[in-house]
Amino acid sequence: MLIQERLTYLLRQALNHSATDAELQELSDLVRDDLTGDITQQLEMLLQNDLPAASYDAAYWDTIASKILAADQLTTPTPVIALPARRPLRWIPAAAAVLLLLSAGWYAWQHKSPQAPAVATTTSAIKSDIAPGGNKAMLTLADGTQVPLDSTDGEPLAQQGNTRISRPSGGQLMYTSVAGNSNTAGAFSYNTLSTPRGGQFQVTLPDGTKVWLNAASSLRYPVAFSGQSRQVELTGEAYFDVAPNAAMPFRVTTRTGGDSLEVTVLGTQFNIMAYEDEGLIKTTLLEGAVKVSNHRSSQQLAPGQGAQLDKQNHQLAIVPHVNTEEAIAWKNGFIQLEGNDIASAMRLIARWYNMEVVYKAPVTAHFRGIIPRNVPVSQVLKMMEMTGEVHFEIRGRQIIVSP
């Protein structure tokens, strides 16, 4: 009971912005030395049930998270705390989320021996570093003109027909119709917004729909919508917040791996992941309703459900309960791993940091956890190395992986 009371006090001090460095270190030590998982479970209960969401102050926790992630300056290893699967993370502060990083060490503790340590330490060989991705994209206009979108320029970029294209702030692109004019011709003029590996961007389409584009992705869309539907084409990954229009359904088509998937909505929020190097095309619905179709079948999704199209056997399956936080973690500025094997985790990291992954030997580790993705790649890799089951070396823009 005394430990629980002390843990409650320390966490409340942190949430109330009153924790000293010594108290933060004490909290870290309690977690690091937790061999049975009891402290982990108590902390999870406090985070999930007892502490109000109103205590969240993003700026404060970002500062604390930065301290935790400054691994080169730490005198003690960053703790790893067991996180129950499928637990919502929407309100958890960034620093707490960093503390919740799980990895194969936790996986082993859950599935092998209750006496396994909650964290393993390693002497990292990572010496080089690569900065995280940022707001970078290329806009290809209907006439083939390419416009780099790497700077924060608020001036109008172009006008196509009666549609004005502007960049209101860094990382955003906006299409607006000139007041009092119609633009049916614009429906036959298409633009393409493309992000490189290590890039992301946001666009507001002519109908008011907002789209967040993840790294190594592209979106093709008309300069103006007209007719009976609003049709766009996606490769890679994007989050959509669709402007409602019952008379004109919004349709997203993906084509990858020799298969295609179409998502039809009226007004809703959903995520689509359709990378060429992934075996599945995934759709995750957060709000509203969507119909997901391929040439073989059609399925209706409710909020909290997902659909997966297996590109090998062309089978479309419904996932009744999905972790929506994991699906949109990238949009919210996080790398979130939910039991990912080394291959899927490294594909995600490689796209965001624009790196190539080379395996010296097979690695069987699995990873689970969340970390801000605005940190250098070395910080992410060092946390993964804490499992003791994988090691990394950075050579230029290559990540060398070994057991």
Side-chain angles (χ1 to χ4, degrees), residues 31-32 34-37 40 44 68-69 71 74 76-87 89 97-130 132 273 275 277-280 282 323 325-327 329-330 334-353 355-373 375-395 397-403:
V31 173
R32 189 192 68 239
D34 179 25
L35 301 183
T36 64
T40 288
E44 279 298 301
I68 295 174
L69 289 168
L74 290 179
T76 58
T78 303
V80 174
I81 302 179
L83 173 66
R86 305 297 185 191
R87 199 178 76 72
L89 291 168
V98 173
L99 289 173
L100 290 170
L101 181 74
L102 286 130
S103 57
W106 174 84
Y107 189 86
W109 173 70
Q110 286 285 81
H111 296 279
K112 296 178 182 178
S113 169
Q115 298 302 317
V119 59
T121 60
T122 181
T123 301
S124 176
I126 300 173
K127 297 179 181 179
S128 304
D129 217 344
I130 297 293
M273 190 272 286
Y275 285 108
D277 58 355
E278 297 288 349
L280 299 173
K282 296 181 180 180
N323 187 336
E325 293 296 332
E326 177 193 5
W330 67 270
F334 292 96
I335 295 171
Q336 184 165 340
L337 306 174
E338 287 291 321
N340 299 60
D341 61 19
I342 186 70
S344 64
M346 296 312 298
R347 285 195 299 270
L348 186 156
I349 292 169
R351 282 193 290 264
W352 180 235
Y353 290 92
M355 302 188 74
E356 178 188 2
V357 179
V358 177
Y359 295 88
K360 279 189 172 181
V363 176
T364 58
H366 287 68
F367 304 89
R368 186 183 299 273
I370 183 169
I371 182 173
R373 69 174 193 167
V375 299
V377 70
S378 64
Q379 307 296 358
V380 180
L381 301 180
K382 284 175 183 176
M383 285 193 169
M384 296 172 71
E385 278 190 339
M386 290 172 64
T387 65
E389 299 187 23
V390 63
H391 297 86
F392 302 100
E393 180 183 352
I394 299 175
R395 298 178 187 172
R397 300 208 75 92
Q398 284 190 335
I399 300 175
I400 311 301
V401 184
S402 59

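All values derive from a computational prediction rather than experimental measurement.
Side chains of Ile349 and Met355 form no contact here, defined as non-hydrogen atoms less than 4.5 Å apart. You'll find the side chain of Val390 stays beyond 4.5 Å of the side chain of Leu381, heavy atoms only. Side-chain contact between Ile394 and Val377: present, with at least one pair of heavy atoms (C-beta onward) separated by less than 4.5 Å. No side-chain heavy atom of His366 sits under 4.5 Å from any side-chain heavy atom of Glu389. Counting heavy atoms from C-beta outward, Arg347 and Asp277 have side chains that approach closer than 4.5 Å. When side chains are defined from C-beta on, Phe392 does not count as touching Ile400, because their heavy atoms never get closer than 4.5 Å. A heavy-atom distance below 4.5 Å is found between the side chains of Val380 and Tyr353.
Counting only distance, with no hydrogens or angles, the side chain of Trp330 and the backbone of Ile335 share no donor-acceptor pair below 3.5 Å.
The CZ atom of Phe334 lies 11.0 Å from the CZ atom of Arg373; values are rounded to the nearest 0.5 Å. Distance check, rounded to the nearest 0.5 Å: OG of Ser378 to CD1 of Ile130 gives 9.5 Å. A distance of 6.5 Å separates CG in Leu280 from CE in Met273, rounded to the nearest 0.5 Å. Atoms CG and CG, on Leu348 and Leu337 in that order, are 6.5 Å from each other to the nearest 0.5 Å.
Taking a cutoff of 4.0 Å between a charged side-chain nitrogen and a carboxylate oxygen, Arg351 and Glu278 qualify as a salt bridge.
Closest approach of Ala350 to Val357, counting heavy atoms only: CB-CG2, 3.9 Å. The minimum heavy-atom distance between Tyr359 and Ala343, with the atom names listed, is OH-CA, 3.5 Å. Between Glu325 and Gln336, the shortest heavy-atom distance links the atoms O-OE1, 3.6 Å. Scanning all heavy atoms of the two residues, the minimum distance from Pro362 to Pro403 falls at O-CG, 3.5 Å.
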Before giving the answer on side chain to side chain contact (heavy atoms under 4.5 Å, CB included), spell out for Met384 and His391 the whole-Å C-alpha distance, their side-chain angles and the decisive distance to 0.1 Å.
-> CA-CA 8 Å; Met384 296 172 71; His391 297 86; over 6 Å; no
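Between the side chains of Glu356 and Gln398, at least one donor N or O lies within less than 3.5 Å of an accepting N or O.
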